[in-house]
There are 2 protein chains.
Amino acid sequence: MSTLAQGKAGLERASTAQKVADMLRERVLDGELAPGLRLSEEAIGGALGVSRNTLREAFRLLTRDRLLVHEHSRGVFVRRPTGDDVRDLYAARRVIECGALRLWNGVTDAQREAVRAPVRQAVARAEKNDWTKAGSANIQFHRGIVGLAGSTRLSDESDRLFAELMLAFRVAQEINDFYQTYVPWNRRIVELLNNSEIDEAVDQLNEYFDAAEEDLVQRLEAN
Amino acid sequence: MSTLAQGKAGLERASTAQKVADMLRERVLDGELAPGLRLSEEAIGGALGVSRNTLREAFRLLTRDRLLVHEHSRGVFVRRPTGDDVRDLYAARRVIECGALRLWNGVTDAQREAVRAPVRQAVARAEKNDWTKAGSANIQFHRGIVGLAGSTRLSDESDRLFAELMLAFRVAQEINDFYQTYVPWNRRIVELLNNSEIDEAVDQLNEYFDAAEEDLVQRLEAN
DNA sequence: ATCGTAGAATCGTTCAACAATCCAACGATC
DNA sequence: GATCGTTGGATTGTTGAACGATTCTACGAT
């Protein structure tokens, strides 16, 4: 029966609004729709071949994900994260990820592997100077950490935080500079975890957040 | 200027969909719209005097808040939390609130007071056997704890978790029984915090979560 | 240069329509 | 008698047009 249960996910037809939202999400995250850009209902709806009402439903979805901001009677815009936004995001990440990391000894092997594997990937990709894929492996690392908590709600919210953070990276034109520093950082965290030095791992993660936040805020406020 | 800045919030006209969503949220949380109930677009739209399209926008908002569930081509229903939902909710709360609590020594006095004050209120109201208000004071206590993190994103998400949890309470017909036990529990946590015994306070909070989760799951699965 | 105003553009919301989907009742079949 | 198609009826999904309300822009007055 497990194969049938798997197929179920594919069966669930996505609504048009959902599909439109997914498409727009990609465009926003890959930078095709730049932060600050206003999304005209008429233009986008016409281009995608959907009605204004359906498009507005899609906008609501992305607004809840904080990728778009809605200004009454003015329209929706691609979010342009500020320094304050970044501080807020990292305050949330600190609590969530450090809290999740403390659960290390009480989770399943699969959960622990979901933290280790992305680090190995990031190392391999960094050696090939493929910083784009190394960056996504980094996100997988942090997704793995949040996954230690075993809460889909927490993981979903964290995904939204990560997506918003990627917008901030784009605004800050943060490309590789900082990405090169976190790979060894992540390695050290995993080593500490493997030695059951949880508190030290949490400290390292916190320091990583300090550095990343500061770097990002600097670039944003220099805009 | 501060008075002008305050007025700004009131100036921002809420959209009809937002107002409808707020109204429905109240009805769901106070139990007037019972968990599992299907919300007919025609019936609700007619009763509230809004068009189907606007109502659907409101439904989307509440679906994202997890108060409603949307089933394709079948309609929207008031969420009926399951035991698994409750376990997921508490897994998230454990990480968020225990993580936030550890920040106790590094936050402002106002933040700390936002944790202490609700406990005093809960004590006062419990003495008058006003368990409804004591219950909302309990939520304020936990909101205060999350607020220690200083992240509006985290606080907003926690509010959603709390709202969903109140739905679970309703399904479980959890009235006063358990509410009577947490008041002294909260008192103890605050005392430990005042003595800077942070780790002990976190332990207590974790035990509270254990007890609350177990109690709630039991009632739900007995349904 | 600042201010106010008219007109264009866009949003907010409603309404009506139709296709797609689901549901409940009814027989048909074994 | 229980299971299985089938058939309408009801509800959702989506569209398109319409119109008042709001914002933006450009132009001219002070």
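These values consider heavy atoms only, across backbone and side chains, with no hydrogens, waters or symmetry-generated copies. Note on naming: letters A, B, ... go to the chains in the order of the sequence lines (proteins, then strands), and numbering restarts at 1 for each one. Remember, predicted model here, so these are calculated numbers, not experimental data.
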### Query
Any donor-acceptor pair under 3.5 Å linking the side chain of A:D88 with the backbone of A:D85?
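Checked: no pair found.
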### Task
Check whether any side-chain N or O of B:D65 sits under 3.5 Å from a backbone N or O of B:L67 as a donor-acceptor pair, and report yes or no.
no
### A:E164 with B:R153: basic N within carboxylate O range, under 4.0 Å
yes
### Message
Nearest 0.5 angstrom please: A:Q18 CD to B:R60 CZ, how far?
### Response
7.0 Å
### Message
For a quick check, with a 4.0 angstrom heavy-atom cut-off, what is the B/S/- contact string for nucleotides 10-16 of chain C, read 5' to 3'?
### Response
SBBBBB-
### Message
Before you tell me yes or no, could you show the steps for A:H142 and A:Y182 under ring pair (Phe, Tyr, Trp, His ring centres under 6.0 Å), namely the whole-Å CA-CA distance, both residues' side-chain angles and the distance that decides it to 0.1 Å?
### Response
CA-CA 12 Å; A:H142 288 284; A:Y182 68 69; 7.9 Å; no
